[in-house]
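Just so you know, these numbers come straight off a predicted model, no measurement behind them. Just so you know, ligand 1 is whichever comes first in the structure, and atom 1 is the first atom listed for that ligand.
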Amino acid sequence: MTMGWHMMLGFSPALFGCYIWEENHSYQMLRRSKACVINLPTVDLVDTVVGIGNCHGADVDKFQRFGLTPRRATKVAAPLIVECYANFECKLIDASLINRYSLFIFEVVKAHVATSPKYPTTMHYRGDGVFMISGQNVSYRRRFKRVNL
Ligand SMILES: Cc1cc2nc3c(=O)[nH]c(=O)nc-3n(C[C@H](O)[C@H](O)[C@H](O)COP(=O)(O)O)c2cc1C
C-alpha cells in the first residue's frame, strides 16, 4: 500500500509510527503477520505510488501489475521492492494504539539504503492529491549541537 501518514518515533532502536486505515487489505495482513517492509520510492515512481494507493492487494498482485521486482528480506517474510531507494524491514512492536487510532508502531530491524545518489529526489504527500518533490539541500551541520545530529 501507499502510505503518507507516518513519523519517526525513536532513533535507537529506530521506531516508526504508521497510520493504517482499517479498510486496507494491508491492515489485516499486518495484524496477522506483525511485520512488513517500508519501501522509500523516488519521484520516478510517482505513477506507481499513486496506482498502488488506488487498488487493493486482495484484488490484484501489485508487484505484477506495476512491474516491480520483489527481493527476499533477511528478517521478515514480506519482500523488499528492488526499485525503491531504501527498504526498511520492520516488526510490529506495539499494537496497543491500533484499535483506538489505527496507529501501528514498528521497529526497523534491518535497513537497506542505496549509496548513491546521496540525496535522492523523493516525494512527500501533502494531501488532496498533491506531492512536494524534494529539492535543494542546505547543510547546517556546523551550527548543530552534536547531540542533535
Ligand atoms: C499518496 C497516498 C497516500 C496514502 N497514505 C495512506 C496512509 O498514510 N494510510 C492509509 O491507511 N492509507 C493511505 N493511502 C491509501 C492506501 O494506499 C489505499 O487505501 C490502498 O488501496 C491500500 O491498499 P491495500 O488495500 O492493498 O492495503 C494513501 C494513498 C495514496 C495515493
So which heavy atom in the protein is nearest [atom], and how far is it from that ligand atom?
atom                    : value
atom 19 (O) of ligand 1 : Asn24 OD1, 2.7 Å
atom 25 (O) of ligand 1 : His56 ND1, 2.5 Å
atom 6 (C) of ligand 1  : Thr2 O, 3.4 Å
atom 8 (O) of ligand 1  : Trp5 N, 2.8 Å
atom 26 (O) of ligand 1 : Gly57 N, 2.7 Å
atom 9 (N) of ligand 1  : Tyr19 O, 2.9 Å
atom 11 (O) of ligand 1 : Trp21 N, 2.7 Å
atom 20 (C) of ligand 1 : Gly53 O, 3.5 Å

- prompt: Out of Ser26, Gly4, Ala58, whose heavy atom sits nearest atom 27 (O) of ligand 1?
  reply: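 It is Ser26 whose heavy atom sits nearest to atom 27 (O) of ligand 1.
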task: Start with the C-alpha distance between Phe131 and Val43, add both sets of side-chain angles, then the distance that settles side-chain contact (heavy atoms from CB on, under 4.5 Å), and finish with yes or no.
output: CA-CA 10 Å; Phe131 295 93; Val43 70; over 6 Å; no
Between [X] and ligand 1, which residue portion shows a heavy-atom distance shorter than 4.0 Å: side chain, backbone, both, or neither?
X      : answer
Tyr27  : neither
Tyr125 : side chain
Met29  : neither

message: For the backbone of Thr121 and the side chain of Tyr85, can you confirm whether one donor and one acceptor N or O come within less than 3.5 Å of each other?
response: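 It does not hold such a pair.
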query: Would you say the side-chain atoms of Ser26 and Asn24 include a donor-acceptor pair closer than 3.5 Å?
result: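 The criterion, which ignores hydrogens and geometry beyond distance, is not satisfied for Asn24 and Ser26.
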- prompt: Can you list the atoms of ligand 1 that are under 4.0 Å from a heavy atom of Cys55?
  reply: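 Here the atoms of ligand 1 in question are 20 (C), 21 (O), 23 (O), 26 (O).
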field: For Ile20, atoms of ligand 1 separated by under 4.0 Å from a heavy atom
entry: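 Reading through ligand 1 atom by atom, the close ones are 11 (O).
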- request: Report the distance from atom NE2 of His112 to atom CD1 of Ile81, rounding to the nearest 0.5 Å.
  value: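 If I round to the nearest 0.5 Å, the distance is 12.5 Å.
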- prompt: Could a heavy atom of Lys62 be found less than 4.0 Å from some atom of ligand 1?
  reply: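 Yes, that is the case, since the closest heavy atom of the residue is under 4.0 Å from the ligand.
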- request: Please name the residue in the list Val108, Val109, Ile38 that meets the side-chain contact (heavy atoms from CB on, under 4.5 Å) test with Glu89.
  value: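 Looking at Val108, Val109, Ile38, the match for Glu89 under the side-chain contact (heavy atoms from CB on, under 4.5 Å) is Val109.
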task: Would you check whether Phe131 has a nitrogen or oxygen atom less than 3.5 angstrom from a nitrogen or oxygen atom of ligand 1?
output: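 No.
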message: Hydrophobic clusters here meaning ILVMFWY residues chained together by side-chain heavy-atom distances under 4.5 Å, can you tell me if Leu30 and Phe16 are in one?
response: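 Yes, same cluster.
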